[in-house]
Amino acid sequence: MRFAFPILVSAALLACPAAAQTGGKTIPITTISLGTATPGGGFPLYGNAFAEVMNAADPEMSIAPRNTKGSNENIPLLEKGELDLALVAGEPAYEAFAGVGRAPARLKILTAIYSNPGMFVVRADSPYKTIRDLVGQPVAFGARGSGLPILARYVLDGLGLKQDEDFKAIYLDRAGDGPAMVEDGRVAALWGAGIGWPGFAAVASSASGARFIAPSAEEIARIRTKHAFLKPLTVPAGSYPKQSEPIASLGSWSFILTREDLPDDVAYRLAKTLHGVEATFCKTLAQACETTAANTVAAAPKVELIHPGVMKYFREIGVVK
């Protein structure tokens, strides 16, 4: 079995029986699996838009999004070859590449997707205004298996707080369940990250409205002293309904990672297609405006972690030498 382009297909990359009609010719469509996360979160939103734009740009390729439990499931699925591509948050990626609590992962970066400034959202009429105000309160830290709880753990650790001891920590089965829990008072706050994140947008659009709680400038400095891999990031004004001022926070970049043995020709073709439609992708999804070749080079912990096929394309366009 072969790709529509001349390379061998592995077990995870299967030729789909469908075909595209181009110039009167029938062209086999190659299906590439993409792991996202639980419904209602940012990864499925991004992954579905990514697949839509990429499939429209390359009729010989079909990217098929698949809901998973998130970053912590996506990494082993990639390592076992059960996914070709997967969305992975910055902190799980950092731990996997660095070998924190495990052997170093041999996965590769296809692209950086967007930055993830982490913060809490509470009802606008709540009494909570600082992170310390939330100590002892029920807080939803995101879906089980996603990268959000890991980001929260690093942020809180930098402030001398323990996620599961200083808060009544709640972990969701579905990312989309969090906003309703804030609205009806089951939790005091919902932790999340990113620009245009669906959970934040839902709370901000609710009848009660939203207030965002991020680390102060002094707290950001303290956190980075202990966890220097976290980067200062800003949520621009207007990223969410009635958010009139920019919000300074910190976090990391999320990635689309590839299995280790994804062929160079496939990665090259994916990169060329993706960065050829950057403007279209940006118009489709606001978060995707950060999905650029330059951001991938800047966000990668090491340039050697970027897939060789992607690096070949980046050299051709002059993003790297």
So does Ala210 get a backbone contact from the side chain of Gln243, meaning a donor-acceptor N/O pair under 3.5 Å?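 No, the answer is negative, given that no donor and acceptor are paired below the 3.5 Å cut-off.
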Residue pair Ser252, Asn116: steps toward the side-chain hydrogen bond (donor to acceptor under 3.5 Å, both in side chains) verdict: CA-CA 5 Å; Ser252 62; Asn116 282 295; 5.2 Å; no
Nearest atoms (heavy-atom pairs only) where [X] meets [Y]:
X: Ala86; Y: Leu78; answer: CB-CD1, 3.7 Å
X: Ala267; Y: Val310; answer: O-CG2, 3.9 Å
X: Leu45; Y: Gln287; answer: CD2-NE2, 3.5 Å

Using a strict cut-off of less than 4.0 Å between a Lys/Arg side-chain nitrogen and an Asp/Glu carboxylate oxygen, indicate whether Asp58 and Arg269 qualify as a salt bridge. yes
For residues Phe212 and Tyr240, establish whether the separation of their ring centroids is below 6.0 Å.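 Close enough - the centres of the two rings lie under 6.0 Å apart.
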Centroid separation Tyr94 to Phe255 less than 6.0 Å: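 Ring centres of Phe255 and Tyr94 not closer than 6.0 Å.
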Between atom CG of Leu233 and atom CD1 of Ile247, what is the distance when rounded to the nearest 0.5 Å?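 It comes to 12.5 Å.
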Tell me which pairs pass side-chain hydrogen bond (donor to acceptor under 3.5 Å, both in side chains) where either residue lies in residues 139-159, with sequence neighbours left out.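 Matches after skipping sequence neighbours: Glu95-Arg153, Glu95-Tyr154, Arg144-Asp173, Asp157-Lys226, Asp157-His227.
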Run the ring-ring contact (aromatic ring centres under 6.0 Å, His included) test against Phe97 and tell me which residues pass, sequence neighbours left out.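 Applying ring-ring contact (aromatic ring centres under 6.0 Å, His included) to Phe97 gives none.
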Give the intermediate values and the outcome of side-chain hydrogen bond (donor to acceptor under 3.5 Å, both in side chains) for residues Asp133 and Thr130. CA-CA 5 Å; Asp133 290 341; Thr130 69; 3.3 Å; yes
Angle between ring planes, Phe200 versus Trp197, binned at 30° and 60°: parallel, tilted or perpendicular? perpendicular
Identify whether Leu274 and Val303 are in the same connected component of the hydrophobic contact network (ILVMFWY, side-chain heavy atoms under 4.5 Å).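 Leu274 and Val303: one cluster.
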